[in-house]
Amino acid sequence: RRALLSLVSSSPMAAVGAHMTGSLLRRRAASQSGRPCTAFALLVALIPCLWTAWPPHGFVRTRPHASSGRRSSLQVHCRSVAFFDTEGRLQRGPPPAETSTRKRVYVLVYKGQSLVRHIAGGGFEPALLSEVGASTFLSDPSCVQAWLGSPGEGPLSNIAAAVAGTGSDDVSTGICSLGFWLLDLSHLPEAPEMSDLGMSSEVTWALLRDRKGRSVCDSLVADDYAALLGSARGLALWHRSVPFCAKCGGRTESHRAGRNRRCQECSERFRPRVDPSVIVLVVNGTHCLLGRKSEWPPGRFSTLAGFVEFGETLEECVVREMREESGVAVDRQSLRFVASQPWLFPRSLMMGFTVEAPRDEPLKVDDDELEAADWFSAEEVRAALQGTAEQNNLRSVPSKASLARTVIESWLEGLGA
């Protein structure tokens, strides 16, 4: 009994395991057939230990490093929802079968521009085409069509139903008779006129993102629209970037409803390329480290960032990039994950972190990457977020479309008022 209790005591669930095991062993003493009860007590004693060694999926736990005995440095703090995250309202499941009767709603793209409609009250929404409206282009083999997903509840379902001429889908029961498809017209010498598309004068071709100021992404009347338009644009640019096979030089064609491309000669398949990168807010108490690029508007600062090198872990990338861009040595053990975001301009998957570092180290800015970097107080950052910053170094931070904004707001929320 003492051996079993000692075994359980090493588990984080020691209290539960000890109570259950002790109770069963006391019952054994009063039992006439002790062997089965003893075996069952041993099994119960092992459960907390197994829980510690292999926790169920969804529980986060740091484990000692296999070779050094150090604990994993990555902590999960995923309370924030980043822009482009629809939380499942754009359902990106398998494409429907070719014989499916699901109605198609097309998202048009022309050389990186998206078709949007200006709303009378201000802002934009996607300008979509039904199968009938897109019929003129669907017979052209040079058009790229690709599956984007099904609308869940919310604005995506409403706008799809309005375009297709159907009632809103009963998403609560999982029924969806509509599907979003990319229709890329970039092979045409000129962008189709609105009259050719059957659209009104409020519809226009526009870039989703403008580096010089407020963009369409910032002005969409529903955030979920950004995920739909961004996915369509990014997928269209990728399809046009892989016309030939890297293995044999043959021509490629759209495959698996536009999710892949396949070589017509050797059947080699290609999937959309995604470049992983880190967005990092270096913090120290109530201060954070921000940097700026020379091409940004005056007073604009943001988090530091960098791409993950081949074979590098995210933790290693954070440490390396912060040292290279600012000269700061961060505390790897304080690294905390905040949120992730697809950034389809052109093809990144960004992962946002906070990490601690001392403020007494001199900053050594990489002139090839940044124009300047500096520590700012939480009060200065809040003023920049609210647009009330005085005429000082920090006047603005990235818009809500950026993961940097999400990470900054999450840090401020953790500090409290």
Rounded distance [0.5 Å steps], CG in L108 versus OG in S186 = 10.0 Å

task = Could you walk me through whether R117 and E125 pass salt bridge (Lys or Arg N to Asp or Glu O under 4.0 Å), step by step?
result = CA-CA 5 Å; R117 176 182 289 103; E125 69 176 8; 3.3 Å; yes

task = For residues V107 and L183, determine if any side-chain heavy atom of one lies less than 4.5 Å from a side-chain heavy atom of the other.
result = no

query = Mind checking whether P95 and R259 have side chains closer than 4.5 Å, heavy atoms only?
reply = yes

message = salt bridge (Lys or Arg N to Asp or Glu O under 4.0 Å), that's the test. Do K293 and E371 meet it? Break it down for me.
response = CA-CA 5 Å; K293 292 182 176 292; E371 179 185 60; over 6 Å; no

query = Is the backbone N or O of L237 less than 3.5 Å from a side-chain atom of R233, with the two atoms forming a donor-acceptor pair by type?
reply = no

ask   = Is there a donor-acceptor pair closer than 3.5 Å between any side-chain N or O of R89 and the backbone N or O of T86?
value = yes

key: Flag side-chain contact, heavy atom, 4.5 Å: R240 against D184   = yes

ask   = So do the side chains of S114 and P126 get within less than 4.5 Å of each other, counting heavy atoms only?
value = no

inquiry  = Tell me if the CD atom of E190 is crowded by more than 12 foreign heavy atoms within 6.0 Å.
reply    = no

ask   = Counting only heavy atoms not in K247, do more than 12 sit closer than 6.0 Å to its NZ atom?
value = no

message = Between R92 and S231, is there a side-chain donor-acceptor contact under 3.5 Å, judged purely by atom types and distance?
response = yes

ask   = Taking all non-hydrogen atoms of both residues, which atom of S277 and which atom of F307 are closest, and how far apart?
value = CB-CD2, 3.7 Å

query = Between A246 and F270, which heavy-atom pair has the shortest distance, and what is it?
reply = N-CZ, 3.5 Å

request  = Hey, could you give me the CZ/CD distance between R382 and E409, rounded to the nearest 0.5 Å?
outcome  = 11.0 Å

inquiry  = Quick check against the 3.5 Å criterion: does Q91 have a side-chain atom that pairs as donor or acceptor with the backbone of G149?
reply    = no

inquiry  = Do R405 and L385 make a side-chain contact, defined as non-hydrogen atoms from C-beta onward lying under 4.5 Å apart?
reply    = yes

query = Does the pair L349 and D275 meet the rule for a side chain to side chain contact (heavy atoms under 4.5 Å, CB included), with working shown?
reply = CA-CA 6 Å; L349 176 60; D275 299 329; over 6 Å; no

key: Step-by-step side chain to side chain contact (heavy atoms under 4.5 Å, CB included) determination, Y110 to L115   = CA-CA 8 Å; Y110 179 78; L115 199 63; over 6 Å; no

message = Main chain of V132, side chain of S135: is a donor-acceptor contact present, judged purely on distance under 3.5 Å?
response = yes

note = When V278, V319, L304, V282 are each screened for side-chain contact (heavy atoms from CB on, under 4.5 Å) with V355, the one that passes is V282

request  = Check the side chains of E193 and S195 for a donor-acceptor pair under 3.5 angstrom, ignoring hydrogens and angles.
outcome  = no

query = Looking just at side-chain N and O atoms, do S399 and D218 make a donor-acceptor pair shorter than 3.5 Å?
reply = yes

inquiry  = Contact between Y225 and P155 at the side-chain level, heavy atoms closer than 4.5 Å - yes or no?
reply    = yes

task = Flag the pair P192 / L185 as yes when at least one side-chain heavy-atom distance between them is below 4.5 Å, and no otherwise.
result = yes

task = Say whether, by atom type as modelled, one donor and one acceptor occur between the side chain of S402 and the main chain of P398 under 3.5 angstrom.
result = no

request  = Applying side chain to side chain contact (heavy atoms under 4.5 Å, CB included), run through R262 and R269 and close with a yes or a no.
outcome  = CA-CA 4 Å; R262 182 176 62 182; R269 296 201 323 192; 4.1 Å; yes

note = Heavy atoms of F180 and L156 approach each other most closely as CZ-O, 3.5 Å

key: R320 bridged to E316 by N-O distance under 4.0 Å   = no

request  = Find out whether L335 and E315 are in side-chain contact, i.e. whether some heavy atom of one side chain is under 4.5 Å from a heavy atom of the other.
outcome  = yes

query = Do S396 and R300 meet the criterion of a side-chain donor-acceptor pair at a distance under 3.5 Å?
reply = yes

query = Counting only heavy atoms not in K364, do more than 12 fall under 6.0 Å of its NZ?
reply = no

inquiry  = Minimum heavy-atom separation for D223 and K400, please, with both atom names.
reply    = OD1-NZ, 3.1 Å

task = Could you go through the side chain to side chain contact (heavy atoms under 4.5 Å, CB included) check for R261 and W238 one step at a time?
result = CA-CA 10 Å; R261 289 192 72 82; W238 173 77; 3.5 Å; yes

query = What are the two closest heavy atoms between A384 and V397, and how far apart are they?
reply = CB-CG1, 4.2 Å

request  = Mark yes or no for whether T252, through its side chain, and P243, through its backbone, hold a donor-acceptor pair below 3.5 Å.
outcome  = yes

E87 side, atom CD; D224 side, atom CG - distance, nearest 0.5 Å = 8.5 Å

query = Given L281, which of V381, L290, L289 fulfils the side-chain contact (heavy atoms from CB on, under 4.5 Å) condition?
reply = L290

ask   = Taking atom types as modelled, is there a side-chain donor on R102 or S150 under 3.5 Å from an acceptor on the other?
value = yes

query = How many angstroms lie between atom CG of L403 and atom OG1 of T303, to the nearest 0.5 angstrom?
reply = 7.5 Å

key: Distance, nearest 0.5 Å, that separates NE2 of H239 from SG of C143   = 13.0 Å

ask   = Is the side chain of D331 donor-acceptor paired with the backbone N or O of A357 at a distance under 3.5 Å, no angle test?
value = no

key: Interatomic distance, T286 atom OG1 to W375 atom CH2 [nearest 0.5 angstrom]   = 10.5 Å

request  = Say whether, by atom type as modelled, one donor and one acceptor occur between the side chain of W147 and the main chain of G93 under 3.5 angstrom.
outcome  = yes

Expected output: side-chain S348 to main-chain P276 donor-acceptor under 3.5 Å = no

task = Check the angle between the aromatic planes of F301 and F376 and answer parallel, tilted or perpendicular using the 30° and 60° thresholds.
result = perpendicular

key: Charged N-O contact under 4.0 Å between E321 and R323   = no

inquiry  = Testing the 3.5 Å rule here: is there a donor-acceptor pair between the side chains of E380 and S377?
reply    = yes

query = Quick one: do the Q145 and Y106 side chains pair a donor with an acceptor below 3.5 Å?
reply = yes

inquiry  = Tell me the closest heavy-atom pair linking R209 and S215, and the distance in Å.
reply    = CA-CB, 3.7 Å

